[in-house]
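So the structure is just underneath, and the comments pick up after that.
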Amino acid sequence: MLDARFVRENIDIVKKSLENRNYILPLDECLTIEGKRRSLLRESEGLRNRRNVVTDEIAILKSKQQDASGLIEEMKGVSHRIKELDDKIKILEGNINDFLLNIPNIPHESVPVGKDEAENVEVRGWGAPRLFDFEPLNHWDIGEMLEIIDFERASKIAGARFSLTKGLGAKLERSLMNFMLDLNTSKGYKEVFPPIIVNRESMTGTGQLPKFEMELFRIADPEFYLIPTAEVPVTNIHRDEILSEKDLPIYYTAYTPCFRREAGSYGKDVRGLIRQHQFNKVELVKFVKPEDSYNELESLTKDAEDILQKLELPYRVVALCTGDLGFAASKTYDLEVWLPAQQKHREISSCSNFTDFQARRANIRFKREGKKGTEFVHTLNGSGLAIGRTLVAVLENYQQKDGSVIVPEVLRPYMGVEVIK
RNA sequence: GGAGAGGUGGCCGAGCUGGUCUAAGGCAGCCGCCUGCUAAGCGGUUGUGGGGGUAAAACCUCACCCAGGGUUCGAAUCCCUGCCUCUCCGCCA
């Protein structure tokens, strides 16, 4: 969410941002409502001031056994008027808030301007795609041949876009999870294991609600939501808190299952593990001081890249353009891993700086030493990494002609074997 | 699921027969004084958000005693609803 005062004082910046993101919102109308709200608020507060004064006078008169009926009559009218004004103000505030909640974050000046993902910019690459002396198979064929992934039974149990790993496949999933958590915690990220169903406030705090309800699994009664990413519970750890400057930066890493409706993606990636309703992911989350957040984005991205490098999987880093940038993000790097069967790079991590956008919604502030007042922290997060897609990348990149799969060096202590066959 | 207790300022804790509560008192923190010494004493000070004001401050003002409604001229205090915490019983991974 943007600050109402920021919007009214920087209307041109906000308009430019919306234009670059291909958004159309009636900003001027919102500003008119905001002006109206402030004038009503002033009237209401003036009357309250009057009432506070007169109420004390009434108390004094009564204690002296004197008549106060005139003042009481007057105050009846004043209180009535205050209530009228407050009702109007509340409606206007609701309108303004709904409006602000639907304004996306402002892209950083370094973000390339572009219409859609075709205009994203490759920043760097790492590793060379392996040369195969045979036709590489899709991961779902490898998985079924080795009997480590079972799509049919998963759809019997739950439905389409669910999967079941077993044997060394299940162990590979668990090994990836442990490897990533161990690596991340060795760099100072604190491991947390949060709730994976959350309330509406948490979803609103990180920006999933109210705009993206259709993408979430919801539990109706009582109302809860399944998290689409650990970003939600982990960022909300500090909702409505005032941190002290010396607490910052705070780094967390968390493994959680993630749940997504994938509404609107019918026909996309229908086979395999790429797009599932339920998948596992290890996430990196940071709370930092405003002046540090863009440097922290670079180091967070490097930390995610390091996982791919240690797994020796080729990838590239892409800076998202304004048209492809997520709602809450001011800047995002996607990591895309090379998948030989598809002959394509596919997203395996998305690292974003949300500046104060989530912090304002979730009310996460900090206090500087020796300074009055509070400021919003900046929040960042990135996958480190999506486990299902990493499993795909390992199977496809490490497959052998005989159908077996070599276990990456760094996973062998976790797997206990060198080859899956 | 049944029975009971409770949610007050950074923390502890009074107030809860409605009106100097602009919330006592204590602790902690900060500033100063005194005292020659890691102690004690004395005085002062301390939150958050909004509106106005200013070059920026100062300053003025409104709101905040879990949240949301209600009663009243006036609510921390009375009434209703919800959320959360704790204790006991039952059930359960």
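Just so we're on the same page: letters track the sequence lines, and every chain starts at 1. We use all heavy atoms of the structure for the numbers below, so side chains are in, but hydrogens, waters and symmetry mates are not.
Remark: A:Tyr189 engages A:Tyr251 in a ring pair (Phe, Tyr, Trp, His ring centres under 6.0 Å) (not counting sequence neighbours). A:Ile242 pairs by the side-chain contact (heavy atoms from CB on, under 4.5 Å) definition with A:Arg365, A:Lys367, A:Thr374, not counting sequence neighbours. Legend: residues meeting salt bridge (Lys or Arg N to Asp or Glu O under 4.0 Å) with A:Asp269, ordered by chain and number and at least two apart, are A:Arg275, A:Arg346. In terms of the side-chain contact (heavy atoms from CB on, under 4.5 Å) criterion, residue partners of A:Leu61 (sequence neighbours excluded) are, by chain and number, A:Gln66, A:Ala68, A:Leu71.
Here A:Arg8 pairs with A:Glu34 in a salt bridge; the nearest charged N to carboxylate O distance falls below 4.0 Å. With salt bridges taken as basic N to acidic carboxylate O contacts below 4.0 Å, none links A:Lys156 and A:Glu152.
Using a 4.0 Å cut-off, no side-chain N or O of A:Arg37 falls inside it from OP1 or OP2 of B:G50. Distances shorter than 4.0 Å separate none of the side-chain N or O atoms of A:Asn49 from OP1 or OP2 on B:U61. At B:G19, none of the side-chain N or O atoms of A:Lys62 fall inside 4.0 Å of OP1 or OP2 (strictly under the cut-off). The phosphate of B:C62 (OP1 or OP2) has no side-chain N or O of A:Arg50 nearer than 4.0 angstrom. The side chain of A:Ser39 places no N or O atom within less than 4.0 Å of a non-bridging phosphate oxygen (OP1 or OP2) of B:G51.
Of the listed nucleotides (B:U48, B:A63, B:U71), B:U71 has the atom at the smallest distance from the side chain of A:Lys83. Listed nucleotides: B:G69, B:A63, B:G51. Nearest to the side chain of A:Lys90: B:G69. The listed nucleotides are B:G50, B:G19, B:C73; the one nearest the side chain of A:Leu41 is B:G50.
The aromatic rings of A:Tyr252 and A:His238 sit parallel, their planes meeting at an angle under 30°, below the 60° perpendicular limit.
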Between protein and nucleotides 74-85 of chain B, what N or O pairs are separated by less than 3.5 Å?
{"unit_1": "B:G74", "atom_1": "OP1", "unit_2": "A:Ser79", "atom_2": "OG", "d": "2.9"}

Table of protein N/O atoms under 3.5 Å from nucleotides 55-60 of chain B N/O atoms:
none

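Judged by distance alone, with hydrogens and angles left aside, the side-chain atoms of A:Arg260 form a donor-acceptor pair with the main-chain N or O of A:Pro228 at under 3.5 Å. With hydrogens and angles ignored, the 3.5 Å screen pairs no side-chain donor or acceptor of A:Asn49 with any backbone N or O of A:Glu45.
Checking B:C59 for Watson-Crick or G-U wobble geometry (two distances, each under 3.5 Å) identifies B:G52 as its partner. The partner of B:C73 is B:G19, judged by Watson-Crick or G-U wobble contacts that both fall below 3.5 Å.
One donor-acceptor pair, N or O on each side, does fall under 3.5 Å between the base of B:G50 and the side chain of A:Glu45.
Residue-level contact check: A:Asp56 touches neither bases nor backbone, having no heavy atom under 4.0 Å from any strand.
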